[in-house]
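Each remark here refers to the structure printed beneath this line.
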Amino acid sequence: MSTVQTSVKPSTTGRLVAAWALVGVPLGYGVYETLTRVAALFG
Amino acid sequence: MGWLDRERTIAPPGFNRWLVPPAALAVHLCIGQAYATSVYKTALVKHFGASLTEIGVIFSIAIVMLGLSAAIMGTWVDKNGPRKAMFTSAMFWASGFLIGSLGIFSGQLWLVYLGYGFIGGIGLGIGYISPVSTLIKWFPDRPGLATGMAIMGFGGGALIASPVSTGLLKMYDPNSGAQGWVASGDSVGKLFLTLAVVYLAYMLFGAFTIKVPAEGWKPAGFDPSKVKTATLVTTDNVSAKNAVKTKQFWLVWIALFCNVTAGIGILEQAAPMIQDFFRQSDGVSLVSAAVASGFVGLLSIGNMSGRFAWSATSDVTGRKRIYMMYLGVGAVLYTVLALGGSSSTFLYVALAFVIISFYGGGFATVPAYLRDLFGTFQVGAIHGRLLTAWSAAGIAGPLIVNAFLDAQGKPGQLTAASYQPALLTMVGLLIIGFVANLLVKPVDARFHEPRPDRVRAEEPAMEA
């Protein structure tokens, strides 16, 4: 027997945003810092 | 510790599968620090009074342990589930930093080898493979996208660790404002302590967020019968023990080995290579050290974005075709780089960027390739065994490039022509990888796990 995902609980939306922010913000910072270094290539 | 068991991590109905990629990313972003060791390399050389090679051994031990632990612990990871694996990885990785810091504070280099290299390396291997099979099970409709997101984190980890570590070293060292400053050993020790705490917290967040899907779960609107339209995608399963007996495993191993070796050839030498390519007859390069550093940063972005973009694209193109592109187009681009790369900096940078994106893409696509060929049953363990190709390439790539360059002249005197033998050797390797990938066919049914409608009389032998 198989179970199919039908809906997402609204309470999980906040958790989802928090989880992605926790990894996305540092990653965004790392990419930004690297791009500032890359700018020397085109400066 | 029953709360870490697989049975305790089965997702309840309504669990949002998009919580799984950030959990996987939390682990991969932390272990990706392994590629940011150059930040404190000089400081450790000075602190221990050691050679660059002696300090480089720390990283080499870690990468060898990554491959070994992924290969040996893969079956354990598949059996015990992602939470226990991520928790174990977090303990090893954080302990590695703690023991490493003890080695730095006490001036004992062997403790850094044991801590960061050996113990931390085990954390790297377990952590790298821990979320892969879970992601593939949560995203049967887009396995390339799912594994691409996680493995992108390994490339992204260094992008975060590098500036953060530099900032912390400046904060911990009162002499950081001095001209020609090199961080003190004390500040590197404190950095290790800080990273141990931060990485432990992040990885535990990943461990306690990840869940495995319930038996028979599938995403809404997903029809598994449509997946079977591609010849190479199986609905059967092959155990890790039997997978290594198949030709397919070793053909993919060769393809990955060739792709990684060629990529490492550029990555290892990135900064001096661009300066050498544009060295004028008076010995002065048109590319400054600052511009070369920017080029290294651009390659890091290419490596990371290739992991996500190409792996996600493989869900549409199929895994074999995208590997044909990594290896076939890669060989053409490498040839152009070797023969005409010095004609324009823009051409050189663009070629290197695409080549490195293929390198990253190869890493991220391979778990989905294995799922296609061997099913989901023990894909984590099979992936772990395949990562020995990475360890082997980590030795072969730099060895090939350095051996050719040593024969061409001394650093600072090399030119674009000096790189041609090494780069054209990489082209040959990519062609070998291309042929290996071309030979990949569906796995013979005798290797499939028994099903109710089909029993197996005896264990299959190694494929000739």
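By convention in this document, chain letters (A, B, ...) are assigned in the order of the sequence lines, proteins followed by strands, and residues within each chain are numbered from 1. In this text the structure is predicted, and so the values were computed from the model without any measurement.
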field: From OG1 (Thr34(A)) to CG (Leu299(B)), nearest 0.5 Å
entry: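 Separation between the atoms: 11.5 Å.
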
- prompt: How long is the span from the CE atom in Met152(B) to the CG atom in Leu27(A), to the nearest 0.5 Å?
  reply: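 Between atom CE of Met152(B) and atom CG of Leu27(A) there are 5.5 Å.
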
field: Between Gly294(B), Gly156(B), Ala292(B), the one whose heavy-atom pairs under 4.5 Å with chain A are most numerous
entry: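 Most heavy-atom pairs within the cutoff with chain A belong to Gly294(B).
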
Check whether [X] gets within reach of chain A through its side chain, its backbone, both or neither, counting any heavy atom under 4.5 Å.
| X | result |
| --- | --- |
| Phe205(B) | side chain |
| Leu29(B) | side chain |
| Val287(B) | neither |
| Leu25(B) | both |

task: Mind checking salt bridge (charged side-chain N to carboxylate O under 4.0 Å, His left out) for Arg279(B) and listing every partner two or more places apart, or none if nothing turns up?
output: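 Arg279(B): salt bridge (charged side-chain N to carboxylate O under 4.0 Å, His left out) contacts with Asp276(B).
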
task: Would you name the heavy atoms of Pro22(B) and Ala19(A) that are closest together and state the gap between them?
output: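 So the two residues come closest at CB-O, 3.7 Å.
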
Heavy-atom neighbours of Tyr32(A) OH exceed 12 at 6.0 Å: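 Counting other residues, nucleotides and ligands, OH of Tyr32(A) stays at 12 neighbours or fewer.
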
message: Is it true that, when you exclude Arg142(B) itself, more than 12 heavy atoms of the residues, nucleotides or ligands shown sit nearer than 6.0 Å to its CZ?
response: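 12 or below, so no.
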
query: Under 3.5 Å, side chain of Trp20(A) to main-chain N/O of Trp18(B), donor-acceptor pair present?
result: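 Yes, because the side chain of Trp20(A) sits within donor-acceptor range (under 3.5 Å) of the backbone of Trp18(B).
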
task: Keeping the roles fixed (side chain from Tyr202(B), backbone from Val23(A)), state whether a donor-acceptor pair exists under 3.5 Å.
output: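 Side chain of Tyr202(B) to backbone of Val23(A): no pair is present.
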
query: Going through the distances and angles, do Phe15(B) and Thr12(A) end up as a side-chain contact (heavy atoms from CB on, under 4.5 Å)?
result: CA-CA 8 Å; Phe15(B) 178 82; Thr12(A) 63; over 6 Å; no

task: Could you check Glu33(A) against Val164(B) for side-chain contact (heavy atoms from CB on, under 4.5 Å), going step by step and ending with a plain yes or no?
output: CA-CA 10 Å; Glu33(A) 283 289 329; Val164(B) 168; over 6 Å; no

query: Do Arg15(A) and Asn16(B) touch side chain to side chain, with heavy atoms closer than 4.5 Å?
result: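 When only atoms from C-beta onward are counted, Asn16(B) and Arg15(A) do not touch, as no gap falls below 4.5 Å.
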
